[in-house]
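Take a look at the structure set out below.
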There are 2 protein chains.
Amino acid sequence: MDGGGETKTKDVGQLGRVTIRTVAAHSGVSVAAVSKVLRNAYGVSDNLRNKVTASIDALGYRPSRSARGLRGRTFTIGVLLIDIANPFLPQVIAGVNGVLAPSNIRAMIGVGQAETQLETSLIESMIDYKMDGVILVAPRLPSDVIATFARDIPIVVVGYHDPGAQNFDTVNCDDEAGAALAVQALLAQGLSDIGMLTVEQKVCYDVSVVQQRERGYRDAMAAAGLAKQARLHRLPENFATHDAALSAFLDDPERPAAVFCWSDLDAIPLLNLAAARGIGVPDQLAIIGYDNSPLGALNLISLSSVDQDGQGLGALATETLLSRIEGRKAALHLKIPPSLVLRRSAG
Amino acid sequence: MDGGGETKTKDVGQLGRVTIRTVAAHSGVSVAAVSKVLRNAYGVSDNLRNKVTASIDALGYRPSRSARGLRGRTFTIGVLLIDIANPFLPQVIAGVNGVLAPSNIRAMIGVGQAETQLETSLIESMIDYKMDGVILVAPRLPSDVIATFARDIPIVVVGYHDPGAQNFDTVNCDDEAGAALAVQALLAQGLSDIGMLTVEQKVCYDVSVVQQRERGYRDAMAAAGLAKQARLHRLPENFATHDAALSAFLDDPERPAAVFCWSDLDAIPLLNLAAARGIGVPDQLAIIGYDNSPLGALNLISLSSVDQDGQGLGALATETLLSRIEGRKAALHLKIPPSLVLRRSAG
DNA sequence: CCTAAAATGGAGAACGTTACACATAGAACG
DNA sequence: CGTTCTATGTGTAACGTTCTCCATTTTAGG
């Protein structure tokens with residue numbers, strides 16, 4: 001039988017793709033039995049399992065995900081990223097891949113480029129591919145649109161504060177607490193003239209991390225008896241115009257002595273522009289960013305920043321999605337705590 | 001009939017997924033006719049096409065990619081990235097997405113994390129999903145392994161110099177020319193004591209961009225009559241130990257007056273470490289990197305760097321893959337020219 | 001008008017796997 | 001030994017679409 005098996009291996013190799021039928025013939029059992037082994041279904045003897053597993057190994061069989069998608073699981077999850085250049089996102093992906101590595105589940109990533117139509121199209125592609133579930137990272141989609149998708153596929157959303165959602169899960173850093181950490185650190189340094197640089201976000205503002213960070217800033221200022229001094233400086237939505245807006249902020253004669261910036265994406269350019277103007281950081285302007293991106297750690301930049309543990313977020317979102325895929329219906333809304341990393345720009 | 005069509009829309013919405021059978025019934029034609037319309041196949045009258053298209057729109061029908069994968073095209077291409085944190089890669093992805101945007105083809109990305117096993121597993125997933133083709137970006141896979149995969153799926157490889165490959169295409173920046181640009185710029189500044197910082201790469205060194213950049217450096221030095229002075233300083237393969245190696249390079253009493261660095265990934269930390277040591281850049285050490293990553297443009301860093309047009313690479317790779325998917329068999333090996341961006345670190 | 005060629009639309013099987021129903025063998029119990 | 005229960009393995013249809021073959025209709029030319 002073994003010799004025959006080897007002969008068949010060679011013949012099969014010339015006949016095209018190894019299918020479940022090939023494995024069944026090779027191990028002398030039915031197609032349904034092979035399928036049961038593959039799905040780890042109940043009602044399989046050890047003997048049969050060993051026979052089938054040996055044939056799978058000998059033939060190098062891999063199931064077709066397309067065929068599986070018609071009836072069962074594909075062992076793939078989709079991850080939709082708002083864009084790929086944000087230095088926070090590699091950490092999230094590392095967290096996702098870290099959880100999946102020991103399994104046969106793989107992550108496929110779509111990059112939405114902060115365009116609602118492309119985001120929608122990519123989610124649809126993931127549904128049409130019958131992926132087992134989807135993680136959305138900072139999507140620009142209204143909650144009811146996500147809920148509609150959630151009828152077709154399990155969904156976990158990261159960087160999206162919608163605690164009332166019932167059809168999908170959310171996993172977030174506690175952005176209010178993060179902003180408060182920044183304000184408190186500046187206060188602890190004797191600074192009280194503390195502004196916040198935020199950014200315009202017309203789409204989905206109510207569920208955005210931006211709104212949460214603004215609220216955290218305002219509440220922390222109020223808690224310190226500085227509610228009247230709290231000031232938001234709002235950058236325009238179009239990222240390409242941020243340098244001009246940051247320059248205007250720096251050149252404003254009423255510029256605060258310290259600033260909490262909504263993201264390292266703008267804190268680092270701010271620091272850079274300040275240096276070019278001879279504005280001393282932190283002496284004339286203390287700066288705290290958000291995300292603790294790796295480039296902020298460079299000595300030449302040395303940005304203080306709130307760390308939201310992107311890797312932890314990615315890992316938790318993945319575990320949450322896997323539990324939803326397994327059948328959980330009740331929505332989970334999870335928050336992880338931020339931390340503050342102090343560097344030269346403040347403290 | 002129109003009223004009946006509307007009634008059916010509502011009923012179908014309650015019966016689950018809209019399938020090709022739903023569309024056929026709605027438009028009063030056969031399943032095969034609808035399929036012909038979807039595939040833009042020959043033998044479809046305008047009248048029938050209009051009827052079917054109207055039904056598709058009315059029902060919001062989207063074909064199942066799983067089902068399509070069993071027999072036809074899925075209109076999805078896979079992109080395998082070596083890792084996601086490399087600042088060059090967002091440009092590549094932007095190039096890919098730019099070419100695909102007007103079509104219904106979508107890109108799904110896998111992140112290999114420079115691990116051969118994970119890379120292999122992700123490519124297999126893309127094959128098992130019956131994606132139409134795959135772009136591999138700087139893969140750590142031997143040429144014969146890629147050729148084996150290319151028997152199952154159209155492949156274009158980026159950042160991988162294998163001009164003899166017959167079963168897959170390559171799209172690269174001319175890395176030799178890029179290195180030469182850097183050397184020539186330093187020579188033009190009167191510098192002749194020019195070293196190169198490169199990195200150990202045991203896997204696939206022969207096809208690597210590293211080897212090409214080393215060769216370009218050596219040839220340019222030789223062309224300037226400086227062959228004897230050409231020196232490579234090799235960083236270890238483990239990225240986590242690069243800071244220590246860069247520090248050792250900076251502390252070496254025989255440190256050259258200028259250095260061409262294989263990548264901004266190490267050029268920026270080098271610049272950072274030099275500043276921390278009070279080493280004047282470019283006066284005591286001129287530095288040119290490779291990739292022209294966005295952070296190198298920050299005033300606080302201001303790194304001179306070879307630009308390899310990541311976006312152009314991504315776009316060209318995508319177009320090349322699409323032509324291979326359409327049936328081209330002859331291998332293409334394309335190179336695009338680099339350019340040099342001079343900033344404060346050299347120039 | 002007739003004939004031949006081209007265009008059109010449909011029937012039905014293929015694609016590769018899963019899930020369900022059920023026949024049968026083996027185990028447990030009186 | 002006979003009956004009941006449990007475990008195992010199999011047959012077969014479903015899943016949603018594409019592809020091939022071919023019957024019929026339409027078009028073109030004499």
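By convention in this document, chain letters (A, B, ...) are assigned in the order of the sequence lines, proteins followed by strands, and residues within each chain are numbered from 1.
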>> Filter on ring-ring contact (aromatic ring centres under 6.0 Å, His included), then keep only pairs touching residues 100-124 of chain A, sequence neighbours left out; what's left?
In response: none
>> Can you list, in residue-number order, the parts of residues 148-155 of chain B that come under 4.0 Å of DNA chain C, counting heavy atoms only?
In response: none
> Roughly how far, to the nearest 0.5 Å, is CD1 of B/Ile20 from CD1 of B/Ile56?
Replying inline: 8.0 Å
>> I need the full list of side chain to side chain donor-acceptor pair (under 3.5 Å) pairs touching residues 156-165 of chain B, with sequence neighbours left out, sorted by first then second residue.
In response: B/Ser143-B/Asp162, B/His161-B/Asp175
>> So, using side-chain hydrogen bond (donor to acceptor under 3.5 Å, both in side chains) as the criterion, who are the partners of B/Thr318 when residues are at least two apart?
In response: none
>> With side chain to side chain donor-acceptor pair (under 3.5 Å) as the criterion, how do B/Thr22 and B/Thr19 come out once you've worked through the C-alpha distance, each side chain's angles and the decisive distance to 0.1 Å?
In response: CA-CA 5 Å; B/Thr22 328; B/Thr19 70; 3.3 Å; yes
> Between CD1 of B/Ile109 and CG of B/Asn97, what distance do you get to the nearest 0.5 Å?
Replying inline: 6.5 Å
> Can you pull the ring-ring contact (aromatic ring centres under 6.0 Å, His included) pairs that have at least one residue in residues 36-63 of chain A, sequence neighbours excluded?
Replying inline: none
> B/Arg39 and B/Ser35: side chain to side chain donor-acceptor pair (under 3.5 Å), yes or no, with the steps?
Replying inline: CA-CA 6 Å; B/Arg39 291 178 284 124; B/Ser35 177; 2.9 Å; yes
> To the nearest angstrom, how far is A/Arg49 atom CZ from D/dT8 atom C1'?
Replying inline: 12 Å
> What pairs with A/Tyr129 under ring-ring contact (aromatic ring centres under 6.0 Å, His included), at least two apart in sequence or on another chain?
Replying inline: B/Tyr129
>> Test: salt bridge (Lys or Arg N to Asp or Glu O under 4.0 Å). Region: residues 310-319 of chain A. Which pairs qualify, not counting sequence neighbours?
In response: none
> If you fit an axis to the five pairs at each end of the helix from C/dC1-D/dG30 to C/dG30-D/dC1, how big is the angle between those two axes, to 10 degrees?
Replying inline: 30°
> B/Arg328: what forms a salt bridge (charged side-chain N to carboxylate O under 4.0 Å, His left out) with it, not counting sequence neighbours?
Replying inline: B/Asp169
> Under the salt bridge (Lys or Arg N to Asp or Glu O under 4.0 Å) rule, what pairs show up with a residue in residues 101-126 of chain B, not counting sequence neighbours?
Replying inline: A/Arg62-B/Glu124
> Once each nucleotide of nucleotides 15-27 of chain D is scored for protein heavy atoms under 4.0 Å, what B/S/- sequence comes out, 5' to 3'?
Replying inline: BBBBB--------
>> Taking any atom closer than 4.0 angstrom to a non-hydrogen atom of chain A, what span of DNA chain C does the protein reach, first nucleotide to last?
In response: C/dG16 to C/dA19
